[in-house]
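This report concerns only the one structure given below.
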Amino acid sequence: MNLPKVYEPEKYESDIYALWEKGDVFKPENRFGNKGTFSMVMPPPNANAPLHVGHCLFVTVEDIVTRYARMQGKAALWLPGADHAGFETWVVYEKRLEKEGKSRFDYSREELYQQVWDFVADNKETFFQQFRALGASCDWSRFTFTLDEKVVRTAFNTFKKLWDDGLIYRGERLVNYCTKHRTGFADIEVAYEDATTPLYYMQYGPFVVATTRPETKFGDTAVAVHPDDERYKDMVGKTVTVEGVNGPFEIMVIADEMVDMSFGTGVLKITPAHSFDDWEAAQRHNLPAVRVIDHDGTLNERAGRFRGMTVLEARKAIVAALKEKNMLIKVDEHYQNRMGKCYKCGTIIEPMLMEQWFVDMDRLAKPAIKALEEKRIAFHPESKRKQLIEYLQNLRDWNVSRQIAWGIPIPAFQNVDDADDWIYDERVDQEIIEVDGKTYHRDPDVFDTWFSSGQWPFVTTNYPDGDDFKKFYPTNLMETASDILYPWVSRMIMLGLYVTDEVPFKDVYLHGLVLGPDGQKMSKSKGNVVNPVEQLEKFGADALRLGLITNAVAGANQPYTDVKATGGRNFCNKLWNIARYCEEKIGDTKDLNREPNPQTMADHWILWKLQQSMQAICDALDTYRFGEAWDTVYHLVWDDFADWYIEASKAELNLSVLAYGLETILKLVHPFAPFVTETIWQTLAWEEGSFLATSQWPTPPKGSADEADAFEQLIGVVQETRALMVELNARGRTLYYKDAPLINDNAELIKRLAKVAAVKEVTDGQGVRLTQTRQQVWLDVDNDTLQRYGSLLQERLQETRSRIAQLEGRLGNNSYVDHAPKVLVEQSREQLADAQAALETISAQAQKYGITL
RNA sequence: GGGCGCUUAGCUCAGUUGGCUAGAGCAUCUCGUUUACACCGAGAGGGUCGGGGGUUCGAGUCCCUCAGCGCCCACCA
């Protein structure tokens, strides 16, 4: 025997993976004639962090899809990559510097870039070794990093195209700004949090205004009231004098619909440079914007004696000053507010007036919305489509400038003598360039990371002239996490349509979060983080994959406990032992014919089961119902093949069907658990030099439906016999039958499956009658057990009567008989006949033994 | 404030167009050391599918409503 008793994944997995790589198994090729292509680009993981369980889930899902497509004969491309993750990585790296007592300001931009590059290179390496350990069948030769030359080039080209089309502009706008990281953000990078902040009512010239931010009053350029507000009608359009903490100043009163009359006093101070609402109001009323807060988060010279204080310090000091001057009317300490915070460090985001590059989202979003409405992309789950459309409809222009060193430099230069003169130039390795005798200075900023990763599907396939682009674009599937639907998926659709005129993918499958064992989002502080490397070592890659895919449903979060991987491991071991059994039976049989030649009922039955299951598995996989597909495979292998077919084969052995069955289940399991199946395949060595990974997905076999049905009936007899034996404590009894060719022809098989002492034919019933099969079968018992049989019959009788009543009711209802499909009505009639026959049997048995029911 | 989703056995969750005598895994209980497997085998118990109403011959599935939970988006100072 070649296979040891227990499957030990660590002994085989790395060798198997090496074998696949050596065999070029992951190259997209049509291996069985032209069966078309399948393509998917891996969502590039951030190259800055260790592997987490979420990665394992997406690797599993994507690998299943790819292996399935590959086995169907498609040229299956799964293209791997890694993301420099601009800001994300930057944060990680800054933390490291901080630990060493250094800061980004100790280095030049070029030095920093190089340091981060080295840091990321190290990380990438371990990371993708772990992906290999999980069995990821992606084509590593096509690996793309978001800072690769071709990505940078494409980002430049797209920027140029946007520039030429007037879709990108440089403008002074309010930007979400983190004063700790000193960079601006896109709207989507701001995390809002509920907070209770004091609401200060302060004297403001003739008004009282309510504000949470008294420190911004030095940037006020107007006071606003509602146009319908009778209280202040006379004031609108006038200029009023306000006594401030730094002395008096004059300010205009405007009327604007934005003001909520019922909030506070109905008077709102307008600070265009530090509030999004106010900025918009300022645009409507042509108000100037005055900066008060500097990039380091402190107040500037406009604040007079408060200059140099941080926002929070200044707020305190100003409130104290107002109090002193009796200008603080009251304070609402319980005001419920929402505060924008930096999603990385939690620093309160300051809306800051800055010059940045903005992308006109209105014009980019429109074609995307159209494509979504026309269903040119399918979503799993479908509900995400509507959410995405609504998101796209409400987009503001996208700030793509980031004030960090780690990223793709923006290829734009500014005339040193004319601040409004910007030119596009790709010589980003130089700080100063000369063009037409004029001197230009490079924009020090880099692109938002989503600007480059938003172009991922066509960048990686080498738009516009690459062979991969021609062959594999648009890609078939985008599989990614639900929580990056907005920042990533939406941008790929917009930029894909803009650059290539085609949607970048036809299907979007979104997986949910893998939660901790407690059902909460994993976090270090909660201590519920599952370490996937530990799980891998403990259970093996297949087991972890199976654990993650069990019950997986699109878009749904799932808690992870190692009970799941345990189940996966047990399955692998089961499969392993199935193979051991088959190998032992088949042995060294020369010229083994794996074309199934069904002889017995069980042969026909297992072929029929395989056929049914294959249909269900394909249906589920084709619609990305992975949990369901796996459930079907699992029960086919364990219940049908192992528990019934193999057990039956111990009585009647048919090598061709046994071998065919094993080969087929190995193929069906392979996408889910590639290592154990390939290991078995290689050990069996039925085909010299072949890989299960590149074998052809099985086609449904043919079997006799009648024979299969006969075996189903036999299963019924066996199951009821077993149950009766357990319930009546009648082990080791003889089974009698009458007028039952099915039993007669399969006495040995039944004896074995039902674990009875003997199966004998008689002219009349010898003991307790099986009531739930159509066969006439009895189990012999002694007198003591008849007592128990009575109560058992009682239960059966009640069940059967209520069943009959239910079915009679249904069939007595003309509406049902008229409206329901004929098949169903016919089925009901059969069920009723069966139930009535069972009732007769029960009564007859009761009468025979004098049991009163 | 808007949107999306969830509520089904002790636990974690399936249940595609309405046809279900409502399933799985784990857990529980009973039996079993049968020569592929104790990471096993056989069997059992356990649910008025969150509450209420409606449509329908038929509702876990569709509609309305109430309650609880979760997530996302939004500029109320």
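All of these numbers come straight from a predicted model, not from anything done at the bench. In what follows, chains carry the letters A, B, and so on, assigned in the order in which the sequence lines appear, proteins first and then strands, with residues in each chain numbered from 1.
- Distance A/R752 CZ to B/U34 P: 12 Å, rounded to the nearest Å.
- Under the side-chain hydrogen bond (donor to acceptor under 3.5 Å, both in side chains) criterion, A/D229 pairs with A/R231, not counting sequence neighbours.
- In this view, A/R810 satisfies the salt bridge (charged side-chain N to carboxylate O under 4.0 Å, His left out) rule with no residue, not counting sequence neighbours.
- By the salt bridge (charged side-chain N to carboxylate O under 4.0 Å, His left out) test, A/K217 is found to be paired with no residue, residues two or more places apart in sequence or in another chain being considered.
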Kindly express the pairing pattern of RNA chain B in dot-bracket notation, using | wherever a base pairs with another strand and counting only Watson-Crick or G-U pairs under 3.5 Å.
-> (((((((..((((.....[...)))).(((((.......))))).....(((((..]....))))))))))))....
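- The side chain of A/R580 has B/C37 as its nearest neighbour among B/U21, B/C37, B/C4.
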Using a 4.0 Å heavy-atom cut-off, write out nucleotides 72-77 of chain B from 5' to 3' as B (base contacted by protein), S (sugar-phosphate only) or - (no contact).
-> S-BBBB
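- Residues meeting the salt bridge (charged side-chain N to carboxylate O under 4.0 Å, His left out) test with A/R722, sequence neighbours left out: none.
- The salt bridge (charged side-chain N to carboxylate O under 4.0 Å, His left out) test applied to A/K538 returns A/D562, not counting sequence neighbours.
- Going from the C1' atom of B/C69 to that of B/G50 covers 11 Å, rounded to whole Å.
- Put simply, CH2 on A/W644 is 13 Å from P on B/G41, counting in whole angstrom units.
- Listed in residue order, the members of residues 571-579 of chain A having a heavy atom less than 4.0 Å from RNA chain B are A/N573, A/K574, A/N577, A/I578.
- In this structure, A/H226 has no ring pair (Phe, Tyr, Trp, His ring centres under 6.0 Å) partners at least two apart in sequence or on a different chain.
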Take nucleotides 23-29 of chain B nucleotide by nucleotide from the 5' end and write B, S or -, depending on whether a protein heavy atom sits under 4.0 Å from the base, only from the sugar-phosphate, or from neither.
-> -SSS---
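- Qualifying side-chain hydrogen bond (donor to acceptor under 3.5 Å, both in side chains) partners for A/E8, counting only residues two or more places apart in sequence or in other chains: A/K11.
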Please list, pair by pair, any protein nitrogen or oxygen found under 3.5 Å from a nitrogen or oxygen in nucleotides 56-60 of chain B.
{"residue": "B/C57", "atom": "O2'", "partner": "A/N813", "partner atom": "ND2", "Å": "2.8"}

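- Considering A/T211, A/V208, A/V223, A/V253 as possible partners of A/V267, the one that fulfils the side chain to side chain contact (heavy atoms under 4.5 Å, CB included) test is A/V223.
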